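All residue numbers in this chain count up from 1 along the given sequence. Keep in mind that this is a model prediction, so the values were computed, not measured.
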Amino acid sequence: ATTNATTIVGHEIAADMTSLSITLGKGFRGHTVVIAVDGREMYRRAGLSTDPTVARADVVEIAVASRLIQVVVSATPGDYVGSLELDASAHSRLAISLVGEGTVSLETSV
């Protein structure tokens with residue numbers, strides 16, 4: 001479900017799960033975006049464009065069961081692909097932007 005530009009993926013977060021907040025930021029221009037965590041597709045959206053007034057295209061909250069995860073993002077057109085391994089308990093926020101003709105920027109924060 002989409003509410004106030006935030007997409008919630010999954011169900012309630014159990015005590016042994018961690019929440020990862022992913023912001024899709026700059027550079028999206030009608031892209032189809034897929035985000036997978038540990039090989040499992042967690043987010044897919046077509047026609048995604050960055051809103052220049054807030055410098056973001058979407059925000060997604062994902063519940064993850066593992067502390068150490070691999071996040072893979074792809075965006076088309078343009079064949080953008082990027083991946084990152086992170087400790088979700090130490091880095092609960094991930095910002096993803098598209099740069100230039102094929103670079104995916106992945107930045108973590110607490």
Side-chain angles (χ1 to χ4, degrees):
T2 300
T3 313
N4 296 331
T6 301
T7 304
I8 305 299
V9 179
H11 304 287
E12 290 183 31
I13 297 175
D16 61 343
M17 298 185 88
T18 302
S19 176
L20 177 65
S21 178
I22 301 174
T23 300
L24 299 167
K26 298 178 182 178
F28 295 93
R29 298 172 307 279
H31 287 91
T32 295
V33 177
V34 177
I35 299 172
V37 176
D38 291 336
R40 182 174 162 222
E41 185 176 304
M42 301 293 282
Y43 174 90
R44 176 182 293 267
R45 188 156 181 199
L48 200 62
S49 293
T50 300
D51 179 344
T53 61
V54 292
R56 74 173 182 230
D58 201 2
V59 176
V60 60
E61 300 286 335
I62 296 175
V64 294
S66 300
R67 189 183 72 135
L68 300 174
I69 60 171
Q70 180 182 40
V71 178
V72 178
V73 61
S74 63
T76 54
D79 297 324
Y80 292 90
V81 178
S83 67
L84 174 72
E85 292 185 14
L86 66 93
D87 181 338
S89 63
H91 302 281
S92 61
R93 298 180 189 278
L94 176 63
I96 301 171
S97 294
L98 303 182
V99 182
E101 296 282 329
T103 302
V104 177
S105 170
L106 300 153
E107 297 179 48
T108 61
S109 63
V110 178

A.B. asks: Apply side-chain contact (heavy atoms from CB on, under 4.5 Å) to Tyr43 and Ile22, showing your working.
C.D. replies: CA-CA 10 Å; Tyr43 174 90; Ile22 301 174; over 6 Å; no

A.B. asks: Please determine whether side-chain contact (heavy atoms from CB on, under 4.5 Å) holds for the pair Ile35 and Leu24, giving the CA-CA distance in whole Å, both sets of side-chain angles, and the decisive distance to 0.1 Å.
C.D. replies: CA-CA 10 Å; Ile35 299 172; Leu24 299 167; 4.1 Å; yes

A.B. asks: Between Thr18 and Ala88, which heavy-atom pair has the shortest distance, and what is it?
C.D. replies: CG2-O, 3.4 Å

A.B. asks: Given side chains that start at C-beta, do those of Asp58 and Val33 come closer than 4.5 Å, heavy atoms only?
C.D. replies: no

A.B. asks: Of all the heavy-atom pairs spanning Pro77 and Gly30, show the shortest one and how long it is.
C.D. replies: CD-O, 4.3 Å

A.B. asks: Within this structure, what is the OG-CE distance for the pair Ser89 and Met17, rounded to the nearest 0.5 Å?
C.D. replies: 13.5 Å

A.B. asks: Say you draw a straight line from CG of Asp51 to CZ of Arg56; how long is it, rounded to the nearest 0.5 Å?
C.D. replies: 8.0 Å

A.B. asks: Where do Ser105 and Glu107 land on the side-chain contact (heavy atoms from CB on, under 4.5 Å) test, with the steps shown first?
C.D. replies: CA-CA 7 Å; Ser105 170; Glu107 297 179 48; 3.4 Å; yes

A.B. asks: Quick check: does any side chain N or O of Arg44 sit under 3.5 Å from a backbone N or O of Met42, one acting as donor and the other as acceptor?
C.D. replies: no

A.B. asks: Given the rule that I, L, V, M, F, W and Y join up when any side-chain heavy atoms are under 4.5 Å apart, are Val34 and Val73 in one cluster?
C.D. replies: no

A.B. asks: Applying side-chain hydrogen bond (donor to acceptor under 3.5 Å, both in side chains), name anything that partners Ser21, two or more places apart in sequence or on another chain.
C.D. replies: Glu61

A.B. asks: What closest approach, in Å, do Thr108 and His91 show between heavy atoms, and which atom pair accounts for it?
C.D. replies: OG1-ND1, 3.5 Å

A.B. asks: Show the nearest heavy-atom pair for residues Thr50 and Ala55, with the distance to one decimal.
C.D. replies: CG2-C, 3.8 Å

A.B. asks: Between Ser74 and Val81, which heavy-atom pair has the shortest distance, and what is it?
C.D. replies: CB-CG2, 4.2 Å

A.B. asks: Side-chain contact, heavy-atom cut-off 4.5 Å: Leu106 with Val71?
C.D. replies: no

A.B. asks: With clusters defined by side-chain heavy atoms of hydrophobic residues (ILVMFWY) lying less than 4.5 Å apart, directly or transitively, does Val37 cluster with Leu86?
C.D. replies: yes

A.B. asks: How long is the straight-line distance from CZ of Arg67 back to CG of Asp87, given to the nearest 0.5 Å?
C.D. replies: 4.0 Å

A.B. asks: What distance separates Arg40 CZ from Ile62 CD1, expressed to the nearest 0.5 Å?
C.D. replies: 9.5 Å

A.B. asks: Could you walk me through whether Leu98 and Val104 pass the side-chain contact (heavy atoms from CB on, under 4.5 Å) test, one step at a time?
C.D. replies: CA-CA 5 Å; Leu98 303 182; Val104 177; 4.1 Å; yes

